[in-house]
Every structure is written in structure tokens, then in C-alpha cells.
Amino acid sequence: MKVYLDNAATTPLDPEVYEAMQPYLKEDFGNPSSTHSFGRQSKSAIESARKTVAGILNVTPGEIFFTSGGTEADNTSLNGLVQKYNIQKVITTPIEHHAVLHTLEHLESAGLTKIKMLDLTPAGEIEKDQLIEWLKDENNVLVSLMHGNNEIGNLIDLDEIGAMCKEHKAFFHSDSVQTMGRYTFDLRKTHIHTVLGSAHKFHGPKGIGFMYVNSDARIPPFILGGGQERDMRAGTENVYGIVGLAKAMEIAYRDLGKNREHVEKLKTRMMTGLKGLIPGVRFNGLSGDLNRSLYSVLSVSLPPSDKNEMILFQLDLKGIAASGGSACGSGALKGSHVINALEGDTDAATIRFSFGKFNTMEEIDYALEKMGAILG
Ligand SMILES: Cc1ncc(COP(=O)(O)O)c(C=O)c1O
């Protein structure tokens, strides 16, 4: 049996999405910038996809820009906001995704801004009083806080943080890669400037994402060249990717309620099973709290034991795919920067299980059985 429990890294393509993409991989191959009928067909598919995404988020199509994924959307948003609005301070946390942290470090080392790291509780939450104090103290500020943490699942309330930013006239960027397709958004109501999504996290294809840029916060492009995406993102568009992204969004929001209920049950079963199996097991961050963490992520810390040795490898041998942290960092020797930020350098074995709509209860039970066998 093969069990894929790494849906925060990427998700399997939905067959409905694959079907929607096929014509654009075959007969509908025109370059959207061409003015002939082949080109117009592709252009119209892109604009229809843009409308779908905008409709789901309650924004205007002109505020949606397609990118190569979440990383590029983070880079474009942060570079754009910092440079266009002469941002003096960026308030963020050490547990953001590297697409945010490395971009901000780059901007700081180029002398364009300064980073201020908020303190975190042992569960990885920010202290809201500290954020308010810092917002009062500074001018030209950008707040960059991720909506759902990809490793420990912590959620923030976008409306609440947005309101704080509004009161203090700060810009607000949120990496919403892990929540897009899993939670509803009404961006007309939220004070936020840039938000993003990456299709492969919600059963769409890899290499395609989008950013929402509020019409009050126009930013310059990051990738320069032709005039695609209304001069905001040069390069011939990934037409089949864009079509797949919009289809995946449509399905995710069509089936959101039922998928959420199903995935929550899987996470709950895993939590209860692990607690019964492993005395002293802990759940990192807020991931043990269903109301305050992604229903798709469970970050597990195992009590010290020789049997934890190469635990991910042992699970892999039994056909179970999980992760130690984010997929992007899994080849690195250093532990996860997120877990380290919570606990300091730690040797504790961490496993991130992340669940998706195609997982079944039988798969969770199989994973629990194998965990039991490995850990004795
Ligand atoms: C929170 C978060 N931000 C950004 C990214 C990067 O997205 P992409 O893989 O589309 O570049 C990821 C993917 O791992 C993520 O989990």
C-alpha cells in the first residue's frame, strides 16, 4: 500500500482539472499575444480563468495576476511594495516561508528596508500587543504574516490583522499558499494589499500561481520583458496551467464544505491514534488545535527514542510519504527553521503529516499501524 500524507508539499492533480487542461496542451496552442483566431482562443481562456479566480475571492479581474507559483508571487509582492512605497520597516516572523524570508533578507541586504521580527509564543503565535506597539512607532511599514503556516499549521485572522494595519496605515501582505482552496476569502472586506495562491497545493498543476494586488496598491513588475499580464508579468503565459488553476479553484470552492469535513476527520483520527500509540507525543505549534490550525496539517514531535532514528525513511520504506518540515527544505541538513524558531535547536524527531481530499480513513489506519510497528 502506498499512502501519500504530504499534501502541504503538493497535491495530486484532480482528474477534472486534467481534463480541462487537455485542449490547451493539444489543439488550442495559440500564443495569447497573437491577434489571429488561435491567439484569441488562448487569450479568452486566460481572461475567463482570471474572472473565475476574481469571482471566488470577491475582487475584480484586474486585481489578479498569474505567476509561476507562490514563490514568484511572494517575490513580486514584497519587492514591489517595498520599492514602490519606500517601505522603511517590514514587520514579520521567523516562521514565514523561505519565499518570504529570503526575499526580505535580500531587500534588507540591498539597503532597501529593515526587517523587524515579532516575538513568538512557544506555540508560534505572535503577540498582538507587540504588533500594535510597533505599528504605532513606525511609518511606511509593511506587515508580512502568513495566513496558514505550512509546517505547524498555525492560522492567523486576516481581518483582525488587516484592521490593525488599516488603523496604522500599514501595508499588509499575506502568504496564503496553504489556505487558498481550503478556506473562503472575501477580499473586498479585508484590508490587505497582496495575497497569493499556488495551484499545485489545491489539486491543480505545478508551476502556476497567482497574486491578488489590491487596486489601491499598484506595484511594479518583477519579471521584465513583454507586456503580458497588463505589463505586470512578462513572458508567454502558461495557458494550460492557468486553465488548470482556475478549474482547480472552482472545484476546491464547489466542494469545500464536504472536503473540509472529510479532511478534518482524517486529522482527528491521526491525532487520537498517535496519542493512544505514543505516550508523550506532542503536536507542534497550534497543529493540535483544530480551530486554530490548518485542518490539513499535523506536526508531530516524538519523545526521544532510538526508534525515531530515520523515522521518515522508515515510513517511506513502508510506503508512507510524510515530511520533516517543508518540502523545499527537506534536502537540507539543518532542522526546520520553523521548529527551531519555536524550540531552539532541537534533536526531537518531527514528522509533518498533511492530508488531502483523496486520502481515506483506511490510509490513516494503515499509517498508524506502521507507526506502531516502527516505534514498538
Ligand atoms: C506557505 C508557502 N509559501 C510559498 C510556497 C511556494 O509556493 P510554490 O511552490 O508555488 O513556489 C509554499 C510551497 O511550499 C508554501 O507552503
Side-chain angles (χ1 to χ4, degrees), residues 4-13 17 53 64-79 92-106 124 143-156 158 161 172-183 185 192 194-212 222-223 233 235 238 241-242 244-246 248-249 252 284-287 293-299 321-332 336-339 341 350 352-356:
Y4 183 77
L5 295 178
D6 201 11
N7 290 273
T10 197
T11 55
L13 192 72
V17 173
V53 175
I64 300 295
F65 301 93
F66 294 111
T67 64
S68 65
T71 301
E72 188 191 316
D74 273 326
N75 272 264
T76 309
S77 304
L78 295 169
N79 269 284
T92 189
T93 72
I95 60 171
E96 301 300 305
H97 192 271
H98 279 149
V100 166
L101 288 178
H102 290 168
T103 303
L104 293 179
E105 282 160 16
H106 175 76
V143 173
S144 180
L145 295 177
M146 71 203 303
H147 190 195
N149 187 285
N150 52 306
E151 294 194 36
I152 52 174
N154 289 20
L155 287 169
I156 62 159
L158 288 187
I161 306 289
F172 184 23
H173 166 75
S174 186
D175 179 330
S176 48
V177 162
Q178 292 291 338
T179 48
M180 192 58 65
R182 296 194 174 97
Y183 293 82
F185 289 78
I192 194 154
T194 43
V195 158
L196 51 139
S198 175
H200 74 102
K201 305 287 185 178
F202 49 90
H203 306 283
K206 293 172 184 59
I208 184 71
F210 72 90
M211 59 184 180
Y212 154 77
F222 182 64
I223 307 248
R233 202 281 183 180
N238 175 355
I242 291 171
L245 179 146
M249 281 278 277
N284 297 307
L286 297 173
S287 74
S293 69
L294 290 166
Y295 56 85
S296 48
V297 169
L298 183 64
S299 174
S323 150
S326 73
C328 329
S330 59
S336 137
H337 72 284
V338 175
I339 302 294
T350 302
R352 177 189 68 181
F353 293 109
S354 47
F355 316 98

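All ligand and atom numbering here is 1-based and tracks the order in the structure.
A donor-acceptor pair under 3.5 Å links the side-chain atoms of H203 to the main chain of P12, judged by distance alone. Proximity of a side-chain donor or acceptor of S176 to a complementary backbone N or O of V195 within less than 3.5 Å is not detected. In this structure, R182 contributes its side chain and Y295 its backbone to no donor-acceptor pair below 3.5 Å. Here the side chain of S354 pairs a donor or acceptor atom with the backbone of N7 at under 3.5 angstrom.
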task: Tell me, with the steps shown, if H102 and N75 meet side chain to side chain donor-acceptor pair (under 3.5 Å).
output: CA-CA 9 Å; H102 290 168; N75 272 264; over 6 Å; no
task: Determine, step by step, whether D6 and R352 satisfy the side-chain contact (heavy atoms from CB on, under 4.5 Å) criterion, reporting the C-alpha distance in whole Å, the side-chain angles of both residues, the deciding distance to 0.1 Å, and the verdict.
output: CA-CA 8 Å; D6 201 11; R352 177 189 68 181; 3.1 Å; yes
message: Between S174 and H147, does the side chain to side chain donor-acceptor pair (under 3.5 Å) criterion hold? Intermediate values first, please.
response: CA-CA 6 Å; S174 186; H147 190 195; 5.4 Å; no
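Close contacts of ligand 1 with Q178, meaning ligand atoms under 4.0 Å from a residue heavy atom, involve 16 (O). Close contacts between ligand 1 and K201 involve ligand atoms 12 (C), 13 (C), 14 (O), 16 (O) [criterion: under 4.0 Å to a heavy atom]. Residue contact check: H200 has heavy atoms under 4.0 Å from atoms 8 (P), 9 (O), 10 (O) of ligand 1. Every atom of ligand 1 is numbered from 1 in the order shown, and the set under 4.0 Å from a heavy atom of M146 is 1 (C). For ligand 1, the atoms lying closer than 4.0 Å to a non-hydrogen atom of S198 are 8 (P), 10 (O). Of all atoms in ligand 1, numbered sequentially from 1 with element shown, those under 4.0 Å from a heavy atom of T71 are 6 (C), 7 (O), 8 (P), 11 (O). Heavy-atom contacts of G69 reach the following atoms of ligand 1: 10 (O) (cutoff under 4.0 Å).
Between E72 and ligand 1 there is no heavy-atom distance shorter than 4.0 Å.
Backbone and side-chain nitrogen or oxygen atoms of A9 are examined, and none is located within less than 3.5 angstrom of a nitrogen or oxygen of ligand 1.
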